[in-house]
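All values derive from a computational prediction rather than experimental measurement. For reference, positions follow the sequence shown, starting with 1. Heavy atoms only: backbone and side chains are in, while hydrogens, waters and symmetry mates are out.
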Amino acid sequence: MTTDDPATDRTDREDFPDWLRQLERDIRPGPAVRLRIWCRRRSRRLMGAVGVLLVLALVAGAAAYGSGRLRRPGPAAHPAAGPAATASPTAAPGPFAGTPAAGWPAGAAGIVLPAAHGSGDFSTAQVSAGLAQVRAALLTARLDRAFMAGRSPDPLLRHFAPAARASVRKEYATETIATYATRLAPDARLAPDPPRVSGRITYQATRDNNGVRELAVTTNFVWVYGFRDPGARSGYSVVLLHDTVVWHLPYPDDVAAASRGLWLHRTSSYGWGLDCGTIHQGLVRPGGLDPAAAPFPEDPEALYDPDHPIATPVHC
């Protein structure tokens, strides 16, 4: 359902249902959890499903290094996947108690980089620098409380290539931003406990359709946030976001100066425990229960698994 073809990516599709309303507020994994699905694809940027489970997908960047920015083709690249890195678990009390995230690393400790090795025409030093750039972007996008609660995209924009920033800025106030960054609704209050994080990072050298050499870094993480929730029995609610993001870093000699740096190529994500009334604005807060929703067809704890497919798991 995604494509790397720039022409296809820019088509407009507004033929899916509107947002469904009201999700479960007091999040408790178990068979009583209900699900509603919202599906949509729009302007090459978004495909998704929202309910207690939100599925978003973003296709981007294949045209980012268009022929106008191409300087010269390099020698043929030989893709080589980097090793996966999975963080080791630690104990976690508070809002995460009783969830699979209770034993996960807190915050930045959950983002572990794989060992850097040369890949294609990218040296070990270039791979190491690229991985560090991606990690820094993740730290801001998903874990920086000032950015998440703020109302400016600037802290996130600085991580991207200058030529990529206009696109990210445009998406900041839309649902698309939720596919790769967390923005909190004004009335959402995070618990003091840092979010819990589980996942891995891989990389490989590749080329785009214009022959530009690129380092493709794929991040696959589950982010679990604890919120203060006076209406919940425990005093907390939990929101889960699972995203897979493909980041591209072009080989410096192949592109103009403004295109050197980090680009978004493709993102996909789903979320659980979200409010549908705010997510279409790109804002995250816990949601309430839709009593008309159908039973969730699988164990909700499976959604915490980074290997869970990011796809629409059921239909309405």
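For the pair L131/P114, a side-chain contact is recorded, criterion being any heavy-atom separation below 4.5 Å from C-beta on. By the 4.5 Å heavy-atom criterion applied to side chains, P250 and W263 are counted as neighbours. For the pair L113 and V134, the minimum side-chain heavy-atom distance is 4.5 Å or more.
Remark: side-chain polar atoms of T140 are not paired, donor with acceptor, to backbone N or O of A137 under 3.5 angstrom. Looking only at distances, no side-chain donor or acceptor of T176 sits under 3.5 Å from a matching main-chain atom of E171. At distances below 3.5 Å, not a single donor-acceptor pair connects side-chain atoms of H242 with backbone N or O atoms of I310. The closest donor-acceptor contact from the side chain of T99 to the backbone of F96 lies under 3.5 Å. Although no hydrogens or angles enter the test, the distance criterion places no donor-acceptor pair under 3.5 Å between the side chain of R200 and the main chain of N220. Listed for the Q281 side chain is no donor-acceptor partner under 3.5 Å among the backbone atoms of T278. R196 places a side-chain N or O within donor-acceptor distance of the main-chain N or O of P194, the cut-off being under 3.5 Å. A donor-acceptor distance shorter than 3.5 angstrom exists from the side chain of R142 to the backbone of A181, with no hydrogens or angles considered. A distance-only check finds a donor-acceptor pair linking the side chain of T124 to the backbone of G118 [under 3.5 Å]. Not a single donor-acceptor pair under 3.5 Å links the side chain of D299 to the backbone N or O of A302.
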| task | Begin with the C-alpha distance, continue with both residues' side-chain angles, and end with the deciding distance and a verdict on salt bridge (charged side-chain N to carboxylate O under 4.0 Å, His left out) for R169 and D154. | result | CA-CA 8 Å; R169 183 182 294 276; D154 291 344; 3.1 Å; yes

Practice problem: Please lay out, stage by stage, how Y225 and T182 fare under the test side chain to side chain donor-acceptor pair (under 3.5 Å). | Solution: CA-CA 10 Å; Y225 301 87; T182 303; 2.8 Å; yes

Criterion side chain to side chain donor-acceptor pair (under 3.5 Å) on H280 and E175, from CA distance to verdict: CA-CA 4 Å; H280 73 283; E175 63 255 88; over 6 Å; no

- Query: Does the side-chain contact (heavy atoms from CB on, under 4.5 Å) test come out yes or no for S119 and Y203, once each step is laid out?
  - Reply: CA-CA 8 Å; S119 182; Y203 61 87; 4.2 Å; yes

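With Y172 as the aromatic partner, R183 meets the cation-pi criteria of under 6.0 angstrom to the ring centre and within 45 degrees of the ring axis.
Of the charged side-chain nitrogens involved, none lies within less than 4.0 Å of a carboxylate oxygen, so that D229 and R189 do not count as a salt-bridged pair.
At a cut-off of 3.5 Å, with distance as the only test, a side-chain donor of W247 or T219 sits close to an acceptor on the other residue.
Each of L240, V197, L241 was checked for a side-chain contact (heavy atoms from CB on, under 4.5 Å) with V224, and the lone residue meeting it is L240.
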